[in-house]
Amino acid sequence: MLIERRLLKNLDFALLGAVICAILFGCAMIYSATRWNVRLTSSNPCLYVKKQAAAAVVGAVASIVVLGIDYRYLARFANVLYVAGIVLLASVFVLGTPSKGAMSWIRIGPVAIQPSEYAKIAVVIGLAAYLVQQDDLSTLSSFIVPAILALVPMGLVIAENDLGSALVLAPVFFAMMYAAGADPKLLGLIIGVGLFVIVPFSYFFLLKEHQQMRILVFFNPGLDPRGFGWNVTQSVIAIGSGGFAGKGFGQSTQARLNFLPEHHTDFIFSVIAEELGFLGAIASLALLFFIVRRGYGVAQSARDRFGSLVAVGLTTIMLVHIFVNVGMTMNVSPCTGIPLPFFSAGGSSLIATMLGVALLQSIHMRRKKIVF
Amino acid sequence: MNVNIMDMMDRTQKGFERRLRTFQIVALALFVVLAGRLWQLQVMRGDYFKSRSAANRLALVPISAPRGLIVDRSGETLATSRMAYTVSAMPQEFRDRKGEVELLSQLLGMAVDEIEAKIAGQTQGRHGIPYQPARLLEDAPPQIVLKVAEHRIDLPGIIIEEEPYRSYPHGMLAGPLIGYVGQISAEELKQLGALGYRGRDRIGKTGLEREFEEYLRGQDGVTEIEVDSLSRPRGTVGCTEPVGGATLVLTIDARVQQAAEEALRSQLQVLQAGKYKSARAGAAVAIDPRTGEVLALAAEPGYDPGWFVPRISEEQWRRVSTGASALFNRAVSGAYPPGSTFKPFTAMAALESGLVSLDEKFLCTPSASSRYFGMRCAAWSSGRAHGHQNLAQGMVNSCNVVFYELGRRLTADQMAAMAKAFGLSYPTGLRFTPPEAAGAVPDSAEREFMPGERLSYAIGQQITVTPLQMAAAYGGIAMRGPIYVPHLVRQILTPEGSVLDDMAPELARSANLSKKTWDFLHASLAEVTRTGTAAAGYAGFPVPVAGKTGTAQSPPGDSHAWFAGWAPASDPEIVVAVLIERGGGGGTSAVPVARAIMEAYFGVLPPVD
């Protein structure tokens with residue numbers, strides 16, 4: 001047996017159940033969102049569900065392997081993992097194929113993988129392993145090394161032209177720093193400088209025109225309703241038109257008639273909200289936030305700080321994905337190509353998210369015993 | 001272990017746990033933000049976004065309603081709708097746009113550029129309706145439709161639609177009366193947009209087609225289709241069938257109308273071939289004086305409303321709109337001096353004010369000219385004079401001297417009042433487009449009249465009237481007082497034939513004169529067609545006719561020829577007014593037309609030459 005029975009009993013079954021629910025829910029919505037689109041599915045209405053299910057099976061097998069590994073070994077091999085993650089990211093420049101303007105995919109036969117999804121996990125482990133060794137994070141100089149650890153992969157992902165995925169790492173970095181005991185005032189200062197100096201600077205000097213447009217459209221979707229504002233405008237219409245009870249499963253007109261683009265990937269939440277209404281949308285959100293709360297719970301109950309920091313990092317990745325993706329569909333956050341964990345069609349996203357959850361479970365199984 | 005260190009460790013451990021709890025709070029806060037936004041979008045503004053979503057996917061494609069019929073009083077069809085084919089393009093469905101447009105260009109005989117321009121006009125720009133087919137060839141000839149249908153495999157983006165088009169089975173007959181239909185103009189759309197007109201609609205432009213547009217247009221149907229984000233139709237959601245327009249049953253008698261038009265046309269030809277080269281236009285109006293029903297309303301030159309279907313060619317447009325324009329309906333819009341056809345009104349004014357007795361004799365001789373400011377009697381130019389004439393003889397022979405004398409005795413106001421009592425200077429109230437001209441009957445309130453001008457007033461040279469007004473006024477003389485509002489529509493029927501509206505005769509005004517005056521007029525005007533100025537024209541006509549000829553001077557050109565009268569003289573059924581612009585003498589030029597109209601009305605055979 002790969003895993004001791006004793007440890008298996010310590011699994012967070014509520015988290016497991018929630019994840020299974022979310023994946024099944026996601027598959028159903030992917031079916032609903034793609035079955036009309038003959039061009040997308042090549043007349044096989046279940047094509048995308050099958051792909052997603054296959055990814056889920058791969059993710060499950062990989063998760064079992066992860067569960068068998070004591071996460072504390074990871075701390076020992078953190079350097080190797082981190083470097084491997086960076087190499088994986090860099091390999092895209094050699095092996096990658098461009099897709100939708102971003103150079104972030106590697107195609108191996110029929111399978112396309114997105115290294116940045118996996119690299120994020122490696123960065124979290126690397127960062128956690130470094131941070132547990134630091135006693136004092138109250139000076140600016142103590143921020144330098146962790147900042148470099150985060151900025152290198154961010155830079156690579158930005159170079160792949162996938163700004164959205166790169167920016168996810170920023171809140172993850174700040175969350176882990178905060179958890180590790182960094183001076184909150186200093187963190188606040190850095191976030192402030194980032195928001196009010198680097199962001200405007202980047203906007204005017206570094207962002208490409210289409211990226212600038214996305215920011216402008218976030219503040220005013222009516223600016224270019226048939227162009228850059230189209231996705232968000234149509235998504236808001238889809239969500240709003242779902243009303244309280246929704247149009248019914250499979251009845252999304254916004255998706256079926258193609259007003260809503262990317263309806264099975266980035267905008268799957270809009271389809272949920274349109275077809276199942278406020279009830280279905282709030283249910284899916286509740287499910288996702290339950291998973292997030294369990295994730296932070298793992299951090300609270302972890303046996304050691306390394307486990308806590310890894311759990312904080314992994315859970316924050318999910319939280320940022322959820323907030324940015326769902327926020328984007330409702331014009332609460334800018335439009336970036338970030339998938340919704342468990343729901344968006346896409347193998348790399350699903351498998352990487354499942355691996356993250358498996359790591360959380362691995363930490364949870366080996367948690368400290370609570371003594372009453 | 002040192003207590004201090006234990007303490008410190010404990011404190012850092014507590015801090016660590018506090019920090020971890022912060023994440024739970026942040027996560028909860030973000031959840032609340034998203035849930036709140038969901039509530040706002042879906043519950044608070046759900047209805048708004050439902051309508052936005054419906055507006056996205058639902059498109060309305062109108063189905064034109066066939067226009068209503070226009071039939072004459074006995075049911076003869078003057079205007080109807082026929083189904084015809086329109087070749088249209090759905091550019092989204094083209095497989096090989098360039099190839100298909102080139103093939104179309106051959107089949108339709110249209111330039112590639114022209115086809116592309118029509119498609120662009122439909123699909124692009126602010127007013128583009130990309131889910132609606134772009135009309136390439138309207139009312140396509142059957143052989144072209146057949147050729148396009150044969151190539152339908154190669155032309156996936158082309159559809160052939162069946163649509164109603166206006167059709168006028170009698171061609172030119174009653175053309176200016178019926179009017180025509182054309183594409184709605186920007187101006188009309190602005191005025192009528194509230195009534196549901198759309199940019200591509202056809203609308204009555206003039207004549208009955210315009211005046212009764214609200215009844216004739218019917219109600220367009222609509223197909224509600226679902227379209228995708230590229231405006232491609234995906235399916236039909238619902239359909240409302242069009243409702244055809246109402247049927248207008250006219251008061252017009254097609255036989256009388258046709259006789260009036262043919263007589264005018266042939267008379268114009270005869271006049272042009274003879275002395276009156278500039279006689280190019282005329283009008284004739286026939287009314288039933290007992291009700292005001294218009295039996296014929298003819299204007300020459302005319303046109304075939306079918307020329308405007310689906311749209312008029314530039315060459316045809318030039319033909320109808322230049323020279324003696326066919327678009328100017330002289331029967332209702334043309335105001336002319338009435339000349340001697342005004343003499344009955346002068347006589348009535350004089351008799352009613354007691355300024356003349358029926359026995360009084362007037363001497364018509366060239367030497368009398370000095371008494372009347374050098375003005376002359378028409379007879380003198382042929383070397384004759386009327387000699388001693390009483391009022392009746394003056395009317396029968398149209399002796400100017402008699403009426404100069406009346407003009408000398410009467411004021412302009414007395415003559416004007418009598419003219420106005422018969423409705424001259426007022427629109428008759430005919431429902432028609434364009435609105436009728438009112439003519440002009442000036443009196444002293446307007447200007448002062450020199451003595452000589454009063455004389456010419458008496459012979460109808462100071463006022464202007466329309467042929468329609470003249471027919472209505474003579475109807476009043478024929479009926480001894482009552483004048484009914486002339487009307488063209490008897491009944492309005494639903495497409496199924498039930499009565500929507502029934503037009504009852506409407507009294508416009510009634511002239512109140514003494515019996516002596518009426519008797520005098522009826523007797524003297526009946527004599528005009530027996531022995532007077534219209535006797536030659538009415539020779540052998542079996543029904544007694546009363547009327548008056550007129551030759552209205554209108555320098556510098558030839559005079560306008562008039563005749564106005566009714567029949568039977570003692571029991572009026574039909575009153576006729578005929579005008580021929582620059583047609584010369586009323587007796588020779590206008591009377592034959594009036595006779596032809598009455599022949600058609602009474603079913604009398606024309607005289608054999």
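In what follows, chains are A, B, ... by sequence order, proteins preceding strands, each numbered from 1.
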Chain B contact via A:F259 - side chain, backbone, both or neither, heavy atoms under 4.5 Å
both

To the nearest 0.5 angstrom, please state how far the CZ atom of B:R45 sits from the CD1 atom of A:I237.
10.5 Å

In terms of heavy-atom proximity below 4.5 Å to chain A, should B:S51 be classed as side chain, backbone, both, or neither?
neither

From B:L38 atom CG to A:T329 atom OG1, the distance as rounded to the nearest 0.5 Å
7.5 Å

What part of A:L319 gets within 4.5 angstrom of chain B, counting heavy atoms only: side chain, backbone, both, or neither?
side chain

Check: A:V236 and B:L41 side chains under 4.5 Å, non-hydrogen atoms:
yes

Should we count CD of B:Q191 as having more than 12 external heavy atoms under 6.0 Å?
yes

Heavy-atom closest pair (A:G181 atom, B:R19 atom, distance to 0.1 Å) is CA-NH1, 2.5 Å

Restricting to pairs with a member in residues 283-293 of chain A, which pass side-chain hydrogen bond (donor to acceptor under 3.5 Å, both in side chains), not counting sequence neighbours?
none

With a 4.5 Å limit on heavy-atom distance, are the side chains of B:S229 and A:Q234 in contact?
no

Calculate, to the nearest 0.5 Å, the distance between atoms CZ and OG belonging to B:R57 and A:S241 respectively.
9.5 Å

Is chain B contacted by the side chain of A:A175, its backbone, both, or neither, given a heavy-atom distance below 4.5 Å?
both

For each of B:Q24, B:R52, B:R21, tally heavy-atom pairs with chain A at distances under 4.5 Å, and name the one with the top tally.
B:Q24

Answer yes or no: are there more than 12 heavy-atom neighbours, outside B:Y85 itself, under 6.0 Å from its atom OH?
no

Checking B:Q42 side chain against A:F244 main chain: does a donor-acceptor pair fall under 3.5 Å?
no

Side chain / backbone / both / neither for A:A245 at chain B, heavy atoms under 4.5 Å
neither

Specify which of B:G46, B:S53, B:A54 makes the most heavy-atom pairs with chain A at under 4.5 Å.
B:S53

Minimum-distance pair of heavy atoms, taken over all atoms of A:L285 and B:A35
CD1-N, 4.2 Å

Identify which part of A:P261 has an atom lying under 4.5 Å from any heavy atom of chain B, answering side chain, backbone, both or neither.
neither

Nearest-0.5 Å distance, CG of residue B:N56 to CG of residue A:N258
11.5 Å

Can you list the steps and then say if B:W39 with A:I282 is a side chain to side chain contact (heavy atoms under 4.5 Å, CB included)?
CA-CA 9 Å; B:W39 177 265; A:I282 212 79; over 6 Å; no

Which atoms of A:F269 come close to chain B, meaning under 4.5 Å heavy atom to heavy atom: side chain ones, backbone ones, both, or neither?
side chain

So, taking the atom named CD1 in A:I239 and the one named CZ in B:R37, what distance separates them when rounded to the nearest 0.5 Å?
8.5 Å

Highest number of heavy-atom pairs under 4.5 Å with chain B among A:A180, A:G277, A:G295, A:A311 belongs to A:G277

May I ask you to check whether over 12 heavy atoms, not counting those of A:D136, lie within 6.0 Å of atom CG?
yes

Between A:E274 and B:K50 (salt bridge meaning N to carboxylate O under 4.0 Å), is one present in this structure?
no

If you define the side chain from C-beta out and look only at heavy atoms, does anything of A:F289 sit under 4.5 Å from B:L34?
yes

Heavy-atom distance under 4.5 Å to chain A: side chain of B:E226, backbone, both or neither?
side chain

Measure the acute angle between the ring planes of B:F23 and A:Y296, then classify it against the limits of 30° and 60° as parallel, tilted or perpendicular.
parallel

